[in-house]
Amino acid sequence: MDSGKAGEVSAVTKVEKKGTDKRKGVTWANPVSEDSVPTKAAPISRWKKGIAITDFVLRLGVIGAAMGSAVTMGTNEEQLPFFTQFLQFHAQWSQFPMFQFFVMANGVISGYTVLTLPFSYVCIVRPNALAPRLLLVTMDTVMMGLINTAASAAAAIVYVGHNGSREPNWMAFCQGYNNFCQAASQAVVTSFVAAVFFLCLVSLSALALKRN
């Protein structure tokens with residue numbers, strides 16, 4: 001019995017020695033810090049942050065252009081110095097439904113763009129955020145269609161005012177109301193500038209989403 005126990009003890013000690021020898025042969029590498037591993041995330045984040053900053057600046061440009069168009073057209077009127085007992089020659093933007101739509105549309109665009117500035121700032125702080133970018137590109141596309149429609153409708157009225165139309169015998173009234181038509185033309189051009197800004201915004205947002 002004693003010899004059997006001695007044999008078991010010697011076998012256990014041999015196994016323990018083998019285990020210790022195996023543990024001694026294991027070497028642990030030093031942990032690698034995350035900073036030492038080159039990744040592509042940092043350049044992409046910087047690139048997206050640059051897009052977000054450009055987006056914010058373009059929105060400020062949209063606010064200035066749309067608000068300037070609304071104010072210029074909304075205060076546009078001219079009264080000719082001569083009049084008769086029954087006739088008074090006076091032109092005002094509210095007399096044209098297309099100009100009314102133009103003023104309201106540019107006012108809506110201005111208010112919308114002001115409300116989107118916080119979302120644009122979030123994209124600067126968190127360049128990889130997907131939800132605010134999706135919201136902005138969707139709403140920007142809708143607003144781009146609105147401002148293009150308003151500017152095109154007003155441009156048609158301004159064109160007829162400057163050149164007239166031969167077939168329906170429409171007279172070119174801008175020959176008499178020169179200041180009125182000049183202000184209307186300036187407002188339409190500024191509104192188209194805001195539309196170009198929106199086109200740039202939609203393109204940048206689509207490019208940033210593509211990188212995701």
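Being a predicted model, the structure only gives us computed values, none of them experimental. Just so you know, residue 1 is the first one in the sequence shown, and it goes up from there.
Cluster annotation: F101 and M144 are assigned to the same hydrophobic cluster (Ile/Leu/Val/Met/Phe/Trp/Tyr, side-chain heavy-atom contacts under 4.5 Å, transitive). Put simply, V108 and L199 are part of the same group of oily side chains (I, L, V, M, F, W, Y) that touch within less than 4.5 Å, one to the next. The hydrophobic clustering, which links ILVMFWY residues whose side-chain heavy atoms are closer than 4.5 Å, places M67 and L117 together. Note: the hydrophobic cluster containing I63 also contains F56 (ILVMFWY, side chain heavy atoms under 4.5 Å, direct or indirect links). Cluster membership check: V188 does not share its hydrophobic cluster with V196, using side-chain heavy-atom separations under 4.5 Å among Ile, Leu, Val, Met, Phe, Trp and Tyr.
Minimum interatomic distance between I147 and A194 (heavy atoms only, all atoms of both residues): CD1-CB, 3.5 Å. Nearest heavy-atom pair across A91 and Q95 is CA-OE1, 3.7 Å. Summarising the geometry of T149 relative to G145, their closest heavy-atom pair is OG1-O, 2.8 Å, with the distance given to 0.1 Å.
We find the OG1-CG distance between T116 and L135 to be 9.0 Å, quoted to the nearest 0.5 Å. Between I51 atom CD1 and R133 atom CZ the span is 7.0 Å, to the nearest 0.5 Å. To the nearest 0.5 Å, the span separating CG on L146 from OG1 on T141 amounts to 12.5 Å. The line from CE of M143 to CG of L136 is 12.0 Å long, rounded to the nearest 0.5 Å.
Residues passing the side chain to side chain donor-acceptor pair (under 3.5 Å) test with S120, sequence neighbours excluded: D55. With sequence neighbours excluded, the residues that form a side chain to side chain donor-acceptor pair (under 3.5 Å) with D140 are R59, Y112. In this view, A153 and M98 satisfy the side-chain contact (heavy atoms from CB on, under 4.5 Å) rule, not counting sequence neighbours. Qualifying side-chain contact (heavy atoms from CB on, under 4.5 Å) partners for F99, counting only residues two or more places apart in sequence or in other chains: M73, W93, F96, A154, I157, V158, F180, A184. Listed by chain and number, the residues in a side chain to side chain donor-acceptor pair (under 3.5 Å) with T72 amount to none (sequence neighbours excluded). Take L58 and apply the side-chain contact (heavy atoms from CB on, under 4.5 Å) test, not counting sequence neighbours, and it matches T54, F197, C200, L201, L204. In this view, N163 and Y159 satisfy the side-chain contact (heavy atoms from CB on, under 4.5 Å) rule, not counting sequence neighbours. Residues passing the side chain to side chain donor-acceptor pair (under 3.5 Å) test with Q92, sequence neighbours excluded: none.
Within the structure, every pair that satisfies the side chain to side chain donor-acceptor pair (under 3.5 Å) test and touches residues 100-111, not counting sequence neighbours, is listed here: N106-S191. Within the structure, the disulfide bond (SG atoms under 2.5 Å apart) test picks out no pair touching residues 104-142 (sequence neighbours left out). Applying the disulfide bond (SG atoms under 2.5 Å apart) rule to pairs touching residues 129-183 yields C174-C181, sequence neighbours excluded.
For the pair F198/V142, no side-chain contact is recorded, criterion being any heavy-atom separation below 4.5 Å from C-beta on. Counting heavy atoms from C-beta outward, S185 and H162 have side chains that approach closer than 4.5 Å.
Within a 6.0 Å sphere centred on CZ of F192, heavy atoms belonging to other residues, nucleotides or ligands number more than 12. Applying the 6.0 Å contact sphere to CZ of F173 captures more than 12 heavy atoms from other residues, nucleotides or ligands.
S205 places no side-chain N or O within donor-acceptor distance of the main-chain N or O of V202, the cut-off being under 3.5 Å.
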